[in-house]
A.B. asks: 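The structure that follows is given in the form of structure tokens.
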Amino acid sequence: MSLSFNYAGSPAHIVFGEGVSQEVASWIEKIGCRKALVLSTPQQKGDAEALAAKIGPLAVGVFSGAVMHTPVDVTETAIRVVEESRADCVVSLGGGSTTGLGKAIAYRTDVPQIVIPTTYAGSEVTPILGQTEGGRKTTVKGAKILPEVVIYDATLTTGLPVGMSMTSGLNAMAHAVEALYAQDRNPISTLMAVEGLRAFRSALPKITTAPNDVEARAEGLYGAWLCGTVLGTVGMALHHKICHTLGGTFDTPHAETHAIMLPHTAAFNAVAVPEFLQPVAEIFGGSVGGGLWDFAKSIGAPLALRDLGLTEADLDKASQIAVENPYWNPRPIDRSSIRALLQQAWEGRRP
Ligand code: NAD
């Protein structure tokens with residue numbers, strides 16, 4: 001097959017290194033700003049206040065109301081705080097939920113964003129914003145949404161509990177696995193996806209036994225950057241659609257849902273495109289789905305959808321919704337194959 005592709009590098013500026021979050025004030029100045037509002041969830045309010053203190057006179061305050069799924073009413077409240085404090089940029093400290101709030105503010109006001117990620121979700125390097133209003137989740141994409149500067153500092157991630165670290169890592173790995181067979185994949189996205197999977201294969205087992213190992217945490221963040229970048233540059237398929245359906249309809253937790261589904265969706269698609277998923281089998285050993293499942297089990301990640309409170313009746317509904325709006329996938333899907341896939345994931349069986 002002759003080589004043919006489109007490639008556009010992300011314009012985001014990436015700053016990576018132990019302790020680099022100390023430089024956030026200088027990054028605020030470098031992007032031409034003087035008044036930063038620090039964003040966080042209520043759970044990370046203390047860390048956000050400490051960061052604001054470190055930023056000093058360039059920080060105008062902390063808004064700690066970020067929550068999962070970026071509800072529009074929270075964004076509107078935060079924008080009022082931006083206006084009242086005359087903030088000219090936001091600094092998002094946290095996981096995908098906090099990054100989502102910063103993106104939602106930027107989407108409406110075009111203020112520049114600096115993101116300091118503390119999970120492996122990868123939202124900080126994508127131009128995608130998912131938000132909810134009246135119980136409905138919608139997704140928008142655009143240049144204004146992509147954060148300008150991302151500061152990856154592993155020393156800020158040692159507090160991420162081990163369980164969340166594992167599910168967050170598997171969530172990131174799912175971006176890479178789907179990037180390998182994406183219709184619009186290119187040589188760079190494939191290199192990044194494989195390297196991202198290798199990074200997590202190495203980092204996650206070390207983090208389970210030594211959560212304070214900053215080198216292992218840095219390897220995890222490196223994987224998060226690579227996997228997030230491919231999520232932002234190539235299209236996703238079956239895996240992301242199913243997780244979106246489960247999260248949107250049954251409110252299942254984001255990272256756990258991805259973690260449980262990954263071995264099953266990868267095994268399903270490996271039947272159609274074994275050559276594209278060969279690196280997954282090489283990195284995790286054995287078959288594509290079996291290797292990913294064994295890895296997830298070995299790091300203590302959740303394996304069964306039923307443990308998230310789903311019932312078998314929910315699977316009927318989910319399989320119906322998952323095939324309602326057709327989308328591209330390397331292997332054709334129909335309701336009964338999706339139902340069987342969900343059953344396997346519900347029971348937590350090795351694919
Ligand atoms: P999250 O941001 O909701 O974080 C989960 C919890 O962990 C929060 O309470 C948070 O405060 C806490 N936490 C985060 N880092 C911590 C740390 N280092 N120490 C202690 N506690 C910490 O979870 P997430 O999985 O990172 O993000 C999920 C959200 O991100 C979902 O809404 C998802 O849709 C979105 N997302 C969006 C994209 C995108 O490209 N738009 C990509 C991935 C995820």
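This one's a predicted model, so the numbers in the text were calculated from it and none came from an experiment. Only heavy atoms go into these numbers, but all of them, side chains included; no hydrogens, no water, no symmetry mates.
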A.B. asks: Assess the side chains of R217 and S165: does a donor N or O sit below 3.5 Å from an acceptor N or O?
C.D. replies: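 Present: a donor and an acceptor within the cut-off.
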
A.B. asks: Taking atom NE2 of H244 and atom NE2 of H254, what is their separation to the nearest 0.5 Å?
C.D. replies: 10.5 Å

A.B. asks: Answer yes if L129 and V90 sit in the same cluster of Ile, Leu, Val, Met, Phe, Trp and Tyr residues linked by side chain heavy atoms under 4.5 Å apart, and no otherwise.
C.D. replies: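 L129 and V90: separate clusters.
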
A.B. asks: Run the side-chain donor-acceptor check on residues 104-111: report pairs under 3.5 Å with partners two or more places apart or on a different chain.
C.D. replies:
from: R108; atom 1: NH1; to: A104; atom 2: O; distance (Å): 3.0
from: R108; atom 1: NH1; to: Q131; atom 2: OE1; distance (Å): 3.3
from: R108; atom 1: NH2; to: Q131; atom 2: OE1; distance (Å): 2.9
from: T109; atom 1: OG1; to: I105; atom 2: O; distance (Å): 2.8
from: T109; atom 1: OG1; to: V111; atom 2: N; distance (Å): 3.3

A.B. asks: Where do L93 and Q44 come nearest, in terms of heavy atoms and distance?
C.D. replies: O-OE1, 4.2 Å

A.B. asks: Name each donor-acceptor pair under 3.5 Å that joins a side chain in residues 277-292 to protein atoms two or more places apart or in another chain, with its distance.
C.D. replies:
from: Q278; atom 1: NE2; to: E282; atom 2: OE2; distance (Å): 3.3
from: S287; atom 1: OG; to: G290; atom 2: N; distance (Å): 3.1

A.B. asks: May I ask you to decide if A154's main-chain N or O and T158's side chain share a donor-acceptor pair within less than 3.5 Å?
C.D. replies: no

A.B. asks: Between K103 and S123, is there a donor-acceptor pair closer than 3.5 Å when you use the side chain of the first and the backbone of the second?
C.D. replies: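 Yes.
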
A.B. asks: Below 3.5 Å, can you tabulate the donor-acceptor pairs from side chains in residues 58-79 to any protein atom, sequence neighbours excluded?
C.D. replies:
from: T70; atom 1: OG1; to: G130; atom 2: O; distance (Å): 3.2
from: T75; atom 1: OG1; to: P71; atom 2: O; distance (Å): 3.4
from: T77; atom 1: OG1; to: D73; atom 2: O; distance (Å): 2.9

A.B. asks: Please set out all donor-acceptor pairs under 3.5 angstrom arising from side-chain atoms of residues 145-152, sequence neighbours excluded.
C.D. replies:
from: E148; atom 1: OE1; to: Q113; atom 2: N; distance (Å): 2.9
from: Y152; atom 1: OH; to: E124; atom 2: OE2; distance (Å): 2.7

A.B. asks: Sequence neighbours left out, what passes salt bridge (charged side-chain N to carboxylate O under 4.0 Å, His left out) with R201? Give chain and number order.
C.D. replies: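 R201: no salt bridge (charged side-chain N to carboxylate O under 4.0 Å, His left out) contacts found.
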
A.B. asks: Please report the shortest heavy-atom distance between A203 and A216, naming the atom on each side.
C.D. replies: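 Looking at all heavy atoms of both residues, the closest pair is CB-O, 3.5 Å.
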
A.B. asks: As an exercise, state the distance from OH of Y181 to CD of E275, rounded to the nearest 0.5 Å.
C.D. replies: 13.0 Å

A.B. asks: Give a yes-or-no answer on whether the side chains of N171 and S168 include a donor-acceptor pair shorter than 3.5 Å.
C.D. replies: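 No, no side-chain donor-acceptor pair sits under 3.5 Å.
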
A.B. asks: Please check if the number of heavy atoms outside K317 that lie under 6.0 Å from its NZ is greater than 12.
C.D. replies: no

A.B. asks: Return the minimal non-hydrogen interatomic distance between I260 and H264, and the atom names on each side.
C.D. replies: O-CD2, 3.2 Å

A.B. asks: List the atom of D88, the atom of P112, and the distance in Å for their closest heavy-atom pair.
C.D. replies: O-CD, 3.2 Å

A.B. asks: Under the side chain to side chain contact (heavy atoms under 4.5 Å, CB included) rule, collect the residues that match up with T209, sequence neighbours excluded.
C.D. replies: none

A.B. asks: Can you list the residues that meet the salt bridge (charged side-chain N to carboxylate O under 4.0 Å, His left out) rule with D213, with sequence neighbours excluded?
C.D. replies: none

A.B. asks: Is any side-chain heavy atom of H13 closer than 4.5 Å to one of K30?
C.D. replies: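 In short, these two side chains do not touch, never coming nearer than 4.5 Å.
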
A.B. asks: Distance alone, cut at 3.5 Å: any donor-acceptor contact between the side chains of T41 and S97?
C.D. replies: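 No, S97 and T41 have no side-chain donor paired with an acceptor closer than 3.5 Å.
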
A.B. asks: Do the non-hydrogen side-chain atoms of I28 and C89 ever get within less than 4.5 Å of each other?
C.D. replies: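 They are in side-chain contact.
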
A.B. asks: According to side chain to side chain donor-acceptor pair (under 3.5 Å), who are the partners of K206, at least two apart in sequence or on a separate chain?
C.D. replies: S202, E219

A.B. asks: Taking the side chain as C-beta and beyond, is there a heavy-atom pair between K35 and S85 under 4.5 Å?
C.D. replies: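 No, side chains not in contact.
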
A.B. asks: Given side chains that start at C-beta, do those of D47 and L156 come closer than 4.5 Å, heavy atoms only?
C.D. replies: no

A.B. asks: Mind listing the closest non-hydrogen atom pair of A266 and V177 along with its distance?
C.D. replies: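 Smallest heavy-atom distance, with atoms named: CB-CG1, 4.1 Å.
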
A.B. asks: How about I128 and T139: do any of their side-chain heavy atoms sit closer than 4.5 Å?
C.D. replies: yes

A.B. asks: Of the non-hydrogen atoms in L37 and A87, which two are nearest, and what is the gap between them?
C.D. replies: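 Residues L37 and A87, closest heavy atoms: CB-CB, 3.9 Å.
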
A.B. asks: Pair F5, R185 - check side chain to side chain contact (heavy atoms under 4.5 Å, CB included), show working.
C.D. replies: CA-CA 8 Å; F5 58 88; R185 68 191 177 279; over 6 Å; no

A.B. asks: Please output the side-chain donor-acceptor pairs of residues 294-311 that fall under 3.5 Å, not counting sequence neighbours, one pair per line with the distance.
C.D. replies:
from: D294; atom 1: OD1; to: R350; atom 2: NE; distance (Å): 2.9
from: D294; atom 1: OD2; to: R350; atom 2: NH2; distance (Å): 2.8
from: S298; atom 1: OG; to: F295; atom 2: O; distance (Å): 2.7
from: T311; atom 1: OG1; to: A313; atom 2: N; distance (Å): 3.4
from: T311; atom 1: OG1; to: D314; atom 2: N; distance (Å): 3.1
from: T311; atom 1: OG1; to: D314; atom 2: OD1; distance (Å): 3.3
from: T311; atom 1: OG1; to: D314; atom 2: OD2; distance (Å): 3.2

A.B. asks: Using atom types as modelled and distance alone, determine if a side-chain donor or acceptor of R331 lies under 3.5 Å from a backbone N or O of V271.
C.D. replies: no

A.B. asks: Could I get the full list of side chain to side chain contact (heavy atoms under 4.5 Å, CB included) partners for V162, not counting sequence neighbours?
C.D. replies: M166, T208, P211

A.B. asks: If two hydrophobic side chains count as joined below 4.5 Å and joins carry through other members, does F250 share a cluster with L238?
C.D. replies: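 In one cluster: yes.
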
A.B. asks: Applying side chain to side chain donor-acceptor pair (under 3.5 Å) to T233 and S189, what does each step give before you reach the verdict?
C.D. replies: CA-CA 8 Å; T233 48; S189 64; 5.7 Å; no

A.B. asks: Within a reach of under 6.0 Å around CD of E133, are more than 12 heavy atoms found that belong to other residues, nucleotides or ligands?
C.D. replies: no

A.B. asks: Enumerate, atom names and distances included, each donor-acceptor pair closer than 3.5 Å involving a side-chain atom of residues 220-227, sequence neighbours excluded.
C.D. replies:
from: Y222; atom 1: OH; to: E195; atom 2: OE2; distance (Å): 2.8
from: W225; atom 1: NE1; to: T229; atom 2: OG1; distance (Å): 3.4

A.B. asks: Return the set of residues passing side chain to side chain contact (heavy atoms under 4.5 Å, CB included) with H240 (not counting sequence neighbours), or none when no residue passes.
C.D. replies: A174, H175, E178, L231, M236, H258

A.B. asks: Is it the case that over 12 heavy atoms from other parts of the model lie below 6.0 angstrom from the NZ atom of K137?
C.D. replies: yes

A.B. asks: Please tell me if the side chains of N186 and T190 come closer than 4.5 Å, counting only heavy atoms from C-beta onward.
C.D. replies: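 With C-beta onward as the side chain, the pair stays apart.
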
A.B. asks: Keeping D334 on the side-chain end and S337 on the backbone end, is there a donor-acceptor pair under 3.5 Å?
C.D. replies: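 Such a contact is found between D334 side chain and S337 backbone.
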
A.B. asks: Is any side-chain heavy atom of N329 closer than 4.5 Å to a side-chain heavy atom of F268?
C.D. replies: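 The answer is yes; the side chains approach within 4.5 Å.
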
A.B. asks: So does R34 have more than 12 non-hydrogen atoms from other groups sitting under 6.0 Å from CZ?
C.D. replies: no

A.B. asks: Is there side-chain contact between R335 and D316, with heavy atoms separated by less than 4.5 Å?
C.D. replies: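 A side-chain contact exists here, since the closest heavy-atom pair is under 4.5 Å.
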
A.B. asks: Distance from I31 atom CD1 to S26 atom OG, nearest 0.5 Å?
C.D. replies: 10.5 Å

A.B. asks: Just by modelled atom types, is the V20 backbone N or O under 3.5 Å from a matching donor or acceptor in the D153 side chain?
C.D. replies: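 Between the backbone of V20 and the side chain of D153 there is a qualifying donor-acceptor contact (under 3.5 Å).
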
